[in-house]
Amino acid sequence: MKSIQVELGARSYPIHVKSGLLHNIPKILSDYNHGQKWMIISQYNLMELFGFDLLNQLKENGYQIDFITLPVGESAKSMNEFSRVISQMVEFNCDRSASILALGGGVVGDVAGFVAASFMRGIDYFQIPTTLLAMVDSAIGGKTGINIAEGKNLVGAIYQPKGVLVDPEILASLPKEEVTAGLGEVIKYGAIWDYHFLNDIAGWMKNLDTFPYEDAIAKSCEIKSEVVSKDEREGGLRRILNFGHTIGHALESHLGYGRIRHGEAVALGMKCAGYISHKLGLLKKDEQSNLVETINRLPLPKLRHINGNHLMPFIKTDKKSEKGTLNFVVLEGLGNATTTTEVTEDLIRESLKVLN
Ligand code: GLY
């Protein structure tokens, strides 16, 4: 088992990555079990796939455990669902000693993490991510929250889990396109932090059927944990994790959620950000081509007629949330990201030609 420590002083925690780990959770959690109430927070389909097995294993090993399910999709990240889960926790006799297991992708992790942050002023929780995106990104770093009518993630907390338990074998039960789309986020880690990793990924992607997910996930977790350890509250460095996301998020919002996968949107956003980095004189032409070739090994959706008029309103919303300044993530060479406020609207518009 590969174990990576997220170093945050008294709030440090391990990320364990191992195929088959899901069958070993009672043992992994044994040091944390003091006879308290445990709650799996998940979705019913995930309970059927993995959750009921996990629940039974934990019960057989003496854990006092129940489960609560959330609806599938972004609608779970609502005040109503949040308050329903909190009430159910009370009905299940959870108290301040209770612990939560967040079994799911980004939505489950965000809601369950926020429940953990707020129930009785904060209880322990563990992330058990079930998507590639959650395994390499959202389950690590403590970002939790829900949406309100005025915007996404406007209510939340940075509240670190006690551990992240990653079983790459879970990916075999997901649709192949869902998994490969998540590779956009894996490429991101190579591009922003480690040129050699990016080269490895490029080689592995020549045959997606033999892609070594366990190694790639472990390395991505290592990079994310290093960044989060250095800048937990996103004062500066952590922003580089948003490489490809400014244009990626705008594409998701313009096309409508469900029309493009997050990892695909990020992959396309990285192509634009690579172009912008080159135009700013930060990334050599051959480095930009290397990045684009790697991204193009993903089966990406073909987009037509995307132009600045479609995307700029969403990019400006991003800008609003940064007090009027767009902090755009660019590459200063492959494997080295930084942010700049020098990216003009014209350059963003020009970069969109790489999408057509
Ligand atoms: N998903 C980016 C971050 O955790 O900061």
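Just so you know, ligand 1 is whichever comes first in the structure, and atom 1 is the first atom listed for that ligand. Just so you know, these numbers come straight off a predicted model, no measurement behind them.
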**OP:** Please confirm whether the backbone N or O of G308 pairs with a side-chain atom of H310, one donor and one acceptor, at under 3.5 Å?
**Re:** no
Subject >> Sub-3.5 Å N/O-N/O distance, N242 and ligand 1 >> reply: no
**OP:** Would you tell me whether H262 and E185 have side-chain atoms, one donor and one acceptor, within less than 3.5 Å of each other?
**Re:** yes
Original post:
Does a donor on one side chain and an acceptor on the other come within less than 3.5 Å for D95 and S97?
Top reply: yes
Original post:
Considering only heavy atoms, which of K188, E232, K224 lies nearest to atom 3 (C) of ligand 1?
Top reply: K224
Subject >> Option of least heavy-atom distance to atom 1 (N) of ligand 1 (set: L133, V228, I140, D137) >> reply: D137
Subject >> Between Y13 and Q160, a side-chain donor and acceptor under 3.5 Å >> reply: yes
Original post:
When you measure from atom 5 (O) of ligand 1 to every protein heavy atom, which one gives the shortest distance, and what is it?
Top reply: R238 NE, 2.7 Å
Subject >> Numbering as shown, the atoms of ligand 1 that approach L241 to under 4.0 Å (heavy-atom distance) >> reply: 3 (C), 5 (O)
Subject >> Ionic contact status for K37 with D66, cut-off 4.0 Å >> reply: yes
